[in-house]
Amino acid sequence: MHAAVVEQFGKPLVLREWDIPIPGPGQILVKTEACGVCHTDLHAARGDWPVKPTLPFIPGHEGIGLVAALGAGVTQVKEGDRVGVPWLYSACGHCEYCLSAWETVCPKAEFGGYTQNGGFAEYILADPNYVAHIPGGLTAQEVAPIICAGVTTYKGIKVTEARPGEWIAISGVGGLGHLAIQYAKAMGLRVCAVDIDPTKLAHATRLGADVTVNASLGDPAEAVHKATSGGAHGVLITAPSLGAFKQGVAMTRRRGTCVLVGLPPGDFPIPLFDVVAACITVRGSFVGTRHDMAEALAFAAEGKVRADIEVLPLQSVNDVFVRLHHGDVASRVVLELFGK
Ligand code: NAD
Ligand code: ZN
Ligand code: ZN
């Protein structure tokens, strides 16, 4: 099969042939139709994070396709079902986190396109217990971004605990952020969108943001405090830039929650006195559970959230990575694996 493979960190992906995997007991084979390109794929291909994937590997965790073959004992899906193979590729199912429906933090979790091969290939091996079930009425291309960018921001908004009528500041209006704005509006929140690119901010307004702030002009935290009369009740930082994190904490209202989602390599300083004295919560959020996934997909199926996509062939993957690095992707690129 054709695949885009990371052979060395920091080098272009190699477009090459790769053996079609054979599903073992309890596994399924998915024939890929489309796969979104997440900024995480760029981090993975660069080896940005402390735990690195084993080379060579196939990235991609927004892969959508049709079940093509079942391993022994699989009953949860049938051939021809449309499924998504997400970042949460599998988990153990019986640790304290799995038992409390927090399978996203299972210590034995596997990650699609990272510890397991992903969707930048014609076929993907998957665990049928963890695939996303794609509702009818959505194309593979338009639904692909929902299974990472969508579920991640939907969950991230939930854990800000901001309530309808309250303010959320969304820092970064790229693949994740453009969906976050739509989820937040559908959830009844008032949205302040923050980015460094005026074209992304103009798009944020079109998507329903009530206020926009250009973080490259002046102090964005001051601008958010002014626009929201005292800071955002919830802050969701999707920007892959460390500078956005310190700013995001400073945008948070007293007793508010700042949720960290972007994953640029490195650390950022937290102003201890401000966080303590204002009783601010700073918390991480990692994709979403299977239940979050079903809910995030339902918003899309009902037309409340729609990914803006640019569809390109798999062969464009290296160009797309360069554009992502430079912030030159409008919202999300989705790679097509075979004709429409
Ligand atoms: P993207 O490249 O599509 O979008 C990033 C956006 O951030 C762009 O619009 C860019 O202009 C903007 N930006 C850059 N610097 C900024 C700054 N200083 N302030 C405000 N905005 C700024 O990326 P994406 O696919 O949306 O992914 C974003 C990040 O989220 C990545 O680091 C990715 O790894 C991470 N991520 C995390 C999870 C999770 O579960 N926590 C899931 C998916 C992606
Ligand atoms: Zn992702
Ligand atoms: Zn577990």
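In listed order, ligands and their atoms are each counted from 1.
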> Judged by non-hydrogen atoms, does Gly327 sit under 4.0 Å from ligand 1?
no

> Give the residue, atom name and distance (to 0.1 Å) of the protein heavy atom nearest atom 26 (O) of ligand 1.
Leu176 N, 2.8 Å

> Thinking salt bridges, do Glu295 and Lys158 make one under a 4.0 Å N-O criterion?
yes

> Do Asp274 side-chain atoms and Pro271 backbone N/O form a donor-acceptor pair below 3.5 Å?
no

> Give, for atom SG of Cys258 and atom CG of Leu236, the distance between the pair rounded to the nearest 0.5 Å.
8.5 Å

> Give the residue, atom name and distance (to 0.1 Å) of the protein heavy atom nearest atom 31 (C) of ligand 1.
His43 NE2, 3.5 Å

> Angle between ring planes, Tyr114 versus Phe111, binned at 30° and 60°: parallel, tilted or perpendicular?
perpendicular

> Run the numbers for me: atoms of ligand 1, each under 4.0 Å from some heavy atom of Arg332, listed by number.
24 (P), 25 (O)

> I'd like to check Glu161 versus Arg283 (side-chain heavy atoms, cut-off strictly below 4.5 Å). Are they in contact?
yes

> Give the residue, atom name and distance (to 0.1 Å) of the protein heavy atom nearest atom 22 (C) of ligand 1.
Ala239 CB, 3.5 Å

> Tell me which protein heavy atom sits closest to atom 17 (C) of ligand 1, plus the residue, atom name and distance to 0.1 Å.
Ile196 CG2, 3.7 Å

> Under a 4.0 Å heavy-atom limit, does Val173 contact ligand 1 with its side chain, its backbone, both, or neither?
backbone

> Can you count the protein N/O/S atoms lying under 2.8 Å from the Zn ion (ligand 3), leaving waters out?
4

> I would like to know whether Asp292 and Lys155 meet salt bridge (Lys or Arg N to Asp or Glu O under 4.0 Å); could you show each step before the answer?
CA-CA 6 Å; Asp292 298 319; Lys155 175 68 160 194; 3.0 Å; yes

> At a 4.0 Å cut-off, with the gap strictly under it, does some heavy atom of Ala149 reach an atom of ligand 1?
no

> Under the 3.5 angstrom rule, does the side chain of Arg82 hit a backbone N or O of Thr139 as a donor-acceptor pair?
no

> As an exercise, identify every atom of ligand 1 less than 4.0 angstrom from a heavy atom of Val287.
39 (C), 40 (O)

> Just distances here: any N/O of Ser241 and N/O of ligand 1 closer than 3.5 Å?
yes

> Can you name the atoms of ligand 1, numbered from 1 with element, that are less than 4.0 Å from a heavy atom of Gly262?
29 (C), 30 (O), 32 (O), 35 (C)

> Below 30° counts as parallel, above 60° as perpendicular, anything between as tilted: where do the rings of Phe57 and Phe9 land?
tilted

> Does Glu166 form a salt bridge (Lys or Arg N to Asp or Glu O under 4.0 Å) with Arg253? I'd like the steps, not just the answer.
CA-CA 11 Å; Glu166 294 185 337; Arg253 202 179 191 91; over 6 Å; no

> Distance to 0.1 Å, residue and atom name: give those for the protein heavy atom nearest to atom 39 (C) of ligand 1.
Thr152 CG2, 3.6 Å

> Would you indicate which of Asp195, Thr199, Asp197 comes nearest to atom 11 (O) of ligand 1 when only heavy atoms are counted?
Asp195

> Tell me if the aromatic rings of Phe299 and Tyr183 count as close, with their centers under 6.0 Å from one another.
yes

> Report all side-chain donor-acceptor pairs from residues 63-76 shorter than 3.5 Å, counting only partners two or more places apart or in another chain.
residue	atom	partner	partner atom	Å
Gln76	NE2	Asn129	OD1	2.5

> Among Glu62, Glu310, His178, Gln141, whose side-chain hydrogen bond (donor to acceptor under 3.5 Å, both in side chains) with Arg332 holds?
Glu62

> Indicate the ring-plane relationship of Phe286 and Trp87, choosing parallel, tilted or perpendicular according to the 30° and 60° boundaries.
perpendicular

> Has the side chain of His61 got a donor or acceptor atom that lies under 3.5 Å from a matching backbone atom of Pro86?
no

> If you stand at the Zn ion (ligand 2) and look out to SG of Cys148 and NE2 of His61, what angle do those two lines make, to 10°?
110°

> If you have a sec, work out which protein heavy atom is nearest atom 37 (C) of ligand 1 and how many Å separate them, to one decimal?
Val261 O, 3.0 Å

> Answer yes or no: is there a donor N or O on one side and an acceptor on the other, between the side chain of Arg323 and the main chain of Val329, under 3.5 Å?
no

> Would you say Lys52's side chain and Gly47's backbone share a donor-acceptor pair under 3.5 angstrom?
yes

> Only heavy atoms of Lys200, strictly under 4.0 Å: list the atoms of ligand 1 that pass.
8 (C), 9 (O), 11 (O)

> Under a 4.0 Å heavy-atom limit, does His39 contact ligand 1 with its side chain, its backbone, both, or neither?
both

> Under a 4.0 angstrom heavy-atom cut-off, which atoms of ligand 1 come close to Cys148?
42 (C), 43 (C)

> Does the cation-pi check pass for Lys246 over Phe268, that is, NZ or CZ under 6.0 Å from the six-membered ring centre and within 45° of its axis?
no

> Please list, in number order, the atoms of ligand 1 under 4.0 Å from a heavy atom of Thr40.
33 (C), 34 (O), 35 (C), 36 (N), 43 (C), 44 (C)

> Are any side-chain N or O atoms of Asp195 and backbone N or O atoms of Lys200, one a donor and one an acceptor, separated by less than 3.5 Å?
no

> Considering heavy atoms of the protein only, find what lies nearest to atom 6 (C) of ligand 1 and give residue, atom and distance to 0.1 Å.
Gly174 N, 3.7 Å

> Quick check on Val329 - does any of its heavy atoms sit under 4.0 Å from an atom of ligand 1?
no

> Of all the heavy atoms in Ser171, does at least one lie under 4.0 Å from an atom in ligand 1?
yes

> Quick check on contacts: which atoms of ligand 1 are under 4.0 angstrom from a heavy atom of Pro240?
5 (C), 7 (O), 31 (C), 32 (O)

> Is the Zn ion (ligand 2) under 2.8 Å from any N, O or S atom of Cys38?
yes

> Any idea which atoms of ligand 1 are less than 4.0 Å away from a heavy-atom of Thr238?
28 (C), 29 (C), 30 (O)

> Report yes if some N/O of Gly175 lies less than 3.5 Å from some N/O of ligand 1; otherwise report no.
yes

